[in-house]
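Just so we're on the same page: letters track the sequence lines, and every chain starts at 1. Predicted model only: the values in this text are computed from it and were never measured.
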Protein chains: 2
Amino acid sequence: MTDELMTIRQMCDAFDVTARTLRFYEAKELIAPIREGQKRLFTKRDRARLKLILRGKRFGFSLEEIRQLLDLYDRGDQQKTQLERTYEVAQGHLEGLKRQREELDDAIDDLTEQLNWVSEKIATFDDDNSDPK
Amino acid sequence: MTDELMTIRQMCDAFDVTARTLRFYEAKELIAPIREGQKRLFTKRDRARLKLILRGKRFGFSLEEIRQLLDLYDRGDQQKTQLERTYEVAQGHLEGLKRQREELDDAIDDLTEQLNWVSEKIATFDDDNSDPK
DNA sequence: CGTTACATTTACGTCAACGTAAGCTTACAT
DNA sequence: ATGTAAGCTTACGTTGACGTAAATGTAACG
């Protein structure tokens, strides 16, 4: 019903963040909720941005880095030169993500290996205690 | 040649971190270089740990979280119950990594899509200016 | 009309993760 | 013996990302 606009509380519940965090992000110009008198109303655009912000954080990006990246997802009513600049930045970022993916795969492999190792170790203990007396 | 032990400076160069950072990690018990008199000497084990620390940081883990995880990669001269506990923690962590990979894939897809979009937009500009006069 | 619930601004506090400066050893080269 | 280069400890400073408290506003409910 409040499909278009959401209050700050609804946002907190929906994204599991505090009101302080949302106001903080606004102060840092990561989101730009509109005002109804004093109160903030968060648009669909704010929600899309917040989603990306939280995702970015999970990947270890700083808010400042995220702010740069967010512009990539903005509307494209820009000049050609602007768009080209955007394109290059985005491509660089994509490279970063892909590299991170490779690292993640490595980490997963490592951990899996460790798990098997530990698993065998446990089996050893089981053998010691099998067929008791 | 100094294959087994490295000075702090060598570590800094090898891993691109400051001496302060290494001492800080030692204070936090993430690494435990041995001492030759006053000076620190970093072992193979320290290097392996540091590698994991830096990797963890790139994935957005706090040093405290990393400290927990490091124990998983330690030697296995432990009790069975300890090992089992370790196993469960590691498995939980593995789940986390896999979830993060899915998110990463999503992010990569999103960004790729955006790139295509921007690319088309740029093409539009090119069309406007093609075959001029 | 009072109060309860939810919102706002302002501003100081906090915690992690180091940076940075001061002052002191130790080892080696000049 | 004197730099000077590398390392050490101690301790205060900084930055990012909010937490938290105080004072205030507004809307609806009973």
Worksheet item: Looking at A/Arg67 and A/Glu64, does any basic side-chain N land under 4.0 Å from a carboxylate oxygen?
Response: yes
Fill in: Length of the CD1-P vector between B/Ile34 and D/dC8, whole Å
13 Å
Item to complete: Between D/dC18, D/dG7, C/dT20, spot the one nearest the side chain of A/Tyr25, thanks.
Response: D/dC18
Worksheet item: Taking only N and O in the side chain of B/Lys28, is any of them less than 4.0 Å away from OP1 or OP2 of C/dC15?
Response: no
Discussion item. Under a 3.5 Å cutoff, is there a donor and acceptor pairing between the side chains of A/Thr43 and A/Asp46?
Written reply: yes
Worksheet, complete the sentence: Closest to the side chain of A/Phe24, out of D/dA17, C/dT8, C/dA17, is D/dA17
Discussion item. Does a side-chain N or O of B/Thr18 approach OP1 or OP2 of C/dG19 to a distance below 4.0 Å, or not?
Written reply: yes
Fill in: Euclidean distance, atom CG of residue B/Leu41 to atom C1' of C/dT26 [Å, nearest integer]
14 Å
Discussion item. With a cut-off of less than 4.0 Å, is there a side-chain N or O of A/Arg9 near OP1 or OP2 of C/dA7?
Written reply: yes
Item to complete: Report yes if at least one side-chain N or O of A/Thr21 is closer than 4.0 Å to OP1 or OP2 of D/dA17; otherwise report no.
Response: no
Practice prompt. Output yes when at least one side-chain N/O atom of A/Lys57 is less than 4.0 Å from OP1 or OP2 of D/dG16, else no.
Written response: no
Worksheet item: Any side-chain N or O of B/Thr7 less than 4.0 Å from the OP1 or OP2 oxygen of D/dG7?
Response: yes
Worksheet item: When you measure from the side chain of B/Arg20, which nucleotide among C/dA17, C/dT9, C/dT20 comes out closest?
Response: C/dT20
Worksheet item: Nearest to the side chain of A/Gln38 - D/dG7, C/dT9, C/dC18?
Response: C/dT9
Discussion item. Assess, by modelled atom type and distance only, whether the side chains of A/Thr124 and A/Asp127 contain a donor and an acceptor separated by less than 3.5 Å.
Written reply: no
Worksheet item: Using a cut-off of less than 4.0 Å, is there contact between a side-chain N or O of A/Arg40 and OP1 or OP2 of C/dT9?
Response: yes
Discussion item. Whether B/Lys98 and B/Glu102 form a salt bridge (side-chain N of Lys/Arg under 4.0 Å from carboxylate O of Asp/Glu) is what I want to check.
Written reply: no
